[in-house]
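In this text the structure is predicted, and so the values were computed from the model without any measurement.
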Amino acid sequence: IHRQPPDMSAFALHWPGSPHIVRVWYWAPYEVARKNERYWKFVQEGYVKTTEGYGTDYDVIEEDIHKICSRYQVKEIGYDDWNADNLRQRLEKRGLKMVPVRQGYKSMSPPSKELERWLQKGELAHNGDPVLRWNASHIAVKTDENGNIRPIRSSRQNRVDGLVAFLMAMSRSMLYKEKRQFIGAFM
């Protein structure tokens, strides 16, 4: 049985405003990152944190997310409920509010359309994050018969975790009238 190795994980925060601000944190297993030229460059530049070994170390990610949420007083965290139950439970035990965000049109179309609008108007600040730019270069848009859109990977090998985590955080922050709430998302 061929099993694809663990890959990158991402946690994004969205600060609504003008401009909208996004910050993304990334993790990858050390043994995976060192064998991937692009990942290794991101690690050396300080954009991706490695965890020990060949597998995803959720202890490290949990601790980092908890510190980030404490620092920024994050209101809630959206998460992709596909294979995230363990980390969700652990973060909930630490007092963080976790909200599932499905990857379908209902959850992803409004923030995807809003992001397109922000990009056209120059209303997004991401501090030149090269991993986020790389993720964005791998996004394709899928449209349903009603004109709803959602992001998909342009090919199976491409990574989009940071951008999708940001869209998930956006999908949650769009529900709040108070625009200074910090909303996170884990992918």
Check your understanding: Does the pair K142 and R150 meet the rule for a side chain to side chain contact (heavy atoms under 4.5 Å, CB included), with working shown?
Key -> CA-CA 5 Å; K142 187 172 182 179; R150 68 180 182 93; 3.8 Å; yes
Point to revise | Joint cluster assignment, V99 & F11, ILVMFWY side-chain distance < 4.5 Å | key: no
Study note, to complete from the structure: In this structure, CD1 of I65 is separated from CG of L87 (nearest 0.5 Å) by 5.5 Å
Point to revise | Non-hydrogen side-chain atoms of L124 and P19 separated by less than 4.5 Å | key: no
Practice item. Ignoring hydrogens and angles, tell me if any N or O in the side chain of S70 forms a donor-acceptor pair with the backbone of H66 under 3.5 Å. Key: yes
Review point. Could you state the interatomic distance from CE (M108) to CZ (R102), rounded to the nearest 0.5 Å?
Key: 13.0 Å
Revision key, fill the gap. Separation between CD (E45) and CH2 (W40), nearest 0.5 Å, reads 12.5 Å
Exercise for review: Tell me, with the steps shown, if D161 and D7 meet side chain to side chain contact (heavy atoms under 4.5 Å, CB included).
Suggested key: CA-CA 10 Å; D161 307 83; D7 214 344; 5.8 Å; no
Practice item. Would you check if the side chain of N135 reaches a backbone N or O of R159 as a donor-acceptor pair within less than 3.5 Å? Key: yes
**Study point:** Trace of the side chain to side chain contact (heavy atoms under 4.5 Å, CB included) decision for R23 with N127
**Key:** CA-CA 8 Å; R23 169 93 194 267; N127 201 29; over 6 Å; no
Review point. Any donor and acceptor pair, going by atom type alone, linking the side chain of H126 with main-chain N or O of V22 inside 3.5 Å?
Key: no
Exercise for review: Taking all heavy atoms of A165 and all of A12, pick out the closest pair and write down the distance.
Suggested key: C-CB, 3.7 Å
Check your understanding: Do K113 and E116 sit within salt-bridge range, that is, some charged N less than 4.0 Å from a carboxylate O?
Key -> no
Point to revise | Side-chain donor or acceptor of N148 paired with backbone N/O of Y105 under 3.5 Å | key: no
Point to revise | Within one Ile-Leu-Val-Met-Phe-Trp-Tyr cluster: V160 and W118, side-chain cutoff 4.5 Å | key: yes
Review point. Atom CD in E62, atom NZ in K93: separation rounded to 0.5 Å?
Key: 9.5 Å
Check your understanding: Does a side-chain heavy-atom distance below 4.5 Å link W27 with Y58?
Key -> no
Review point. Salt bridge between E63 and R94, side-chain N to carboxylate O under 4.0 Å?
Key: yes
Point to revise | From OG (S9) to CG (D57), nearest 0.5 Å | key: 10.0 Å
Point to revise | Minimum heavy-atom distance between S171 and S107, given as atom pair plus value | key: CB-O, 3.4 Å
Review point. Does Q103 reach the main-chain N or O of V101 with its side chain, forming a donor-acceptor pair under 3.5 Å?
Key: yes
Check your understanding: What's the spacing between E123 CD and H20 NE2 if we round to 0.5 Å?
Key -> 6.0 Å
Review point. Judged by atom type as modelled, is there a donor-acceptor pair below 3.5 Å linking the side chain of D129 to the main-chain atoms of V131?
Key: yes
Exercise for review: Check whether Y72 and I77 end up in the same hydrophobic cluster, where Ile, Leu, Val, Met, Phe, Trp and Tyr are linked by side-chain heavy atoms less than 4.5 Å apart.
Suggested key: yes
Practice item. For residues Y39 and A28, report the shortest heavy-atom separation together with the two atoms involved. Key: CD2-CB, 4.3 Å
Revision key, fill the gap. Sequence neighbours excluded, the answer for side-chain hydrogen bond (donor to acceptor under 3.5 Å, both in side chains) partners of Q89 is D85
Practice item. List the steps and the verdict of side chain to side chain contact (heavy atoms under 4.5 Å, CB included) for R88 and E92. Key: CA-CA 6 Å; R88 176 198 55 83; E92 282 179 336; 2.5 Å; yes
Exercise for review: Please test W25 against Y47 for ring-ring contact (aromatic ring centres under 6.0 Å, His included), starting from the C-alpha separation and ending with a verdict.
Suggested key: CA-CA 7 Å; W25 290 262; Y47 291 101; over 10 Å; no
Check your understanding: Any donor and acceptor pair, going by atom type alone, linking the side chain of T143 with main-chain N or O of I149 inside 3.5 Å?
Key -> no
Review point. Side-chain heavy atoms under 4.5 angstrom apart, residues restricted to Ile, Leu, Val, Met, Phe, Trp, Tyr: same cluster for F42 and Y54?
Key: yes
Review point. Between S173 (side chain) and M170 (backbone), is there a donor-acceptor pair under 3.5 Å?
Key: yes
Practice item. Group every Ile, Leu, Val, Met, Phe, Trp and Tyr by side-chain heavy-atom contacts under 4.5 Å, then state whether I139 and L119 land in the same group. Key: yes
**Study point:** Presence of salt bridge, E37 and K41, under 4.0 angstrom
**Key:** no
